[in-house]
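What you see is a predicted model, and the numbers here were worked out from it, not measured in a lab. We count ligands from 1, going down the list as the structure has it; atoms in each ligand are counted the same way.
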Amino acid sequence: MRSLNLSLGDRSYPILIGGGLLGRGDLIFPYLRSPRIALVSNTVVAPLYLDLLAGGLEKVGVGMTPVILPDGEAHKTWESLNLIYDALLAARCDRSTTVVALGGGVIGDLAGFAAATYQRGVPFIQIPTTLLSQVDSSVGGKTGINHPRGKNMIGAFWQPKLVLADTDTLKTLPDRELSAGLAEVIKYGLIGDLPFLAWLESNMAGLLARDGELLAHAIEHSCANKAEVVAADEFETAKEGGRALLNLGHTFGHAIEAGAGYGTWLHGEAVAAGTMMAVELSRRMGWLQSTDADRVRRLMEAAGLPVRGPDLGVARYLELMSHDKKVIAGNLRLVLLKALGEAVTCNDAPQEKIAAAIEHCCRA
Ligand code: NAD
Ligand code: GLY
């Protein structure tokens, strides 16, 4: 088992990564306030993994109230959130009940927001089961739901007490979802870790073949990157750089997700195409070379990811991007690349260059 720590003073927590962890109730028990949890999962993940988790918890005397939600990004909504509140209230869960998320980023974001708000906040544990959630969404405390006008528009920062990433769960993950997770892995290389980018180029075939050691290394390295960034700028308030850099490709990507209809494009797929737009804009700003853009495109393609966005029309992209959380006082704050491995926040990219980069990455 690999173990990392996210350092946030008295809210610090461990990130445990490895095979065979789901049935280890003994790893979870020390982080509970009482021997009772509310387990939030969905109709796809629960049949695969709920019994294993419940068995391990039973051995250490922990009981659970299961809350099984419909599957998918289209259900990251108020309606699903209310189903969680209803179940917690019906089971008379109190402030000592820990909410545990078992699933991908959608379940993690929903369950985390429920934990942040139920009775003004109860303890929370993340048990991520997709590559994307193991390398990104389970770490750092961002929780929330979508609004028809924008992605993740309603939410809260609420850190978990523990992240338990069982890499065995990746064996049942569909190929398309594995590739989507790799988009966020590639992100860490692009924003600040050129050696990791090169490692990914050399090991992409093995990662896609689900080599356990390679996946565990990629997850550990990604989580270490993220933990460092979050520890330095938990609430994304740094004037330059900071946690915002983790959103490379996301402003374009969120427009793709909302514009195409939530669930049509996977989050990681939208991030991949959005990253190509950010790369193209960085090239038009005179920062990246064409050879850099080609290198990123080859890596995305090797990971089985799309490198062009849907043709929503530039005006629609810009309209959707204007709702982004990175808009401050009317200014769009984009994450761009000064070089591969060196991301920056940029408030003054010319509108015509943004439009041209979108256009370039949407053409057939
Ligand atoms: P997801 O949660 O929808 O999971 C993808 C699919 O895989 C779902 O159908 C799910 O049921 C299924 N699944 C999950 N685990 C499985 C397994 N082990 N075997 C088989 N099927 C499995 O999607 P995701 O890619 O995990 O997460 C995307 C979400 O995460 C988006 O809503 C995105 O906004 C959010 N996100 C949040 C943060 C954050 O910091 N909070 C960061 C990145 C992304
Ligand atoms: N996924 C971006 C963040 O956690 O800040």
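In terms of the side chain to side chain contact (heavy atoms under 4.5 Å, CB included) criterion, residue partners of R24 (sequence neighbours excluded) are, by chain and number, D26, L27. Qualifying side chain to side chain contact (heavy atoms under 4.5 Å, CB included) partners for A115, counting only residues two or more places apart in sequence or in other chains: V99, V122, F124, W158.
At a 4.0 Å cut-off, at least one heavy atom of K226 sits close enough to ligand 1 to count as contact. Look at K171 and you'll find every heavy atom at least 4.0 Å from all atoms of ligand 1.
Among protein heavy atoms, the minimum distance from atom 34 (O) of ligand 1 is reached at K151 NZ, 2.7 Å. For atom 23 (O) of ligand 1, the closest heavy atom belonging to the protein is G105 N, 4.1 Å. Nearest protein heavy-atom contact of atom 35 (C) of ligand 1 is D109 OD2, 3.4 Å.
Under 4.0 angstrom from ligand 1, the non-hydrogen atoms of D71 all belong to its side chain. Residue-level proximity to ligand 1 for N152 is carried by the side chain, the only part with a heavy atom below 4.0 angstrom. With a 4.0 Å heavy-atom cut-off, ligand 1 is reached by the side chain of N42 but not by its N, CA, C or O.
When the options T172, V44, L131 are ranked by their closest heavy atom to atom 19 (N) of ligand 1, first place goes to T172.
Grouping Ile, Leu, Val, Met, Phe, Trp and Tyr residues whose side-chain heavy atoms lie under 4.5 Å apart, directly or via other members, places F235 in a hydrophobic cluster with F157.
Distance alone, capped at 3.5 Å, is enough to place a donor-acceptor pair between the R243 side chain and the E234 backbone.
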N or O contacts of ligand 2 with protein under 3.5 Å, please list pair by pair.
| residue | atom | partner | partner atom | Å |
| --- | --- | --- | --- | --- |
| ligand 2 | 1 (N) | D136 | OD1 | 3.3 |
| ligand 2 | 4 (O) | K226 | NZ | 2.6 |
| ligand 2 | 4 (O) | R243 | NH2 | 2.8 |
| ligand 2 | 5 (O) | K142 | NZ | 2.8 |
| ligand 2 | 5 (O) | R243 | NE | 2.7 |
| ligand 2 | 5 (O) | R243 | NH2 | 3.4 |

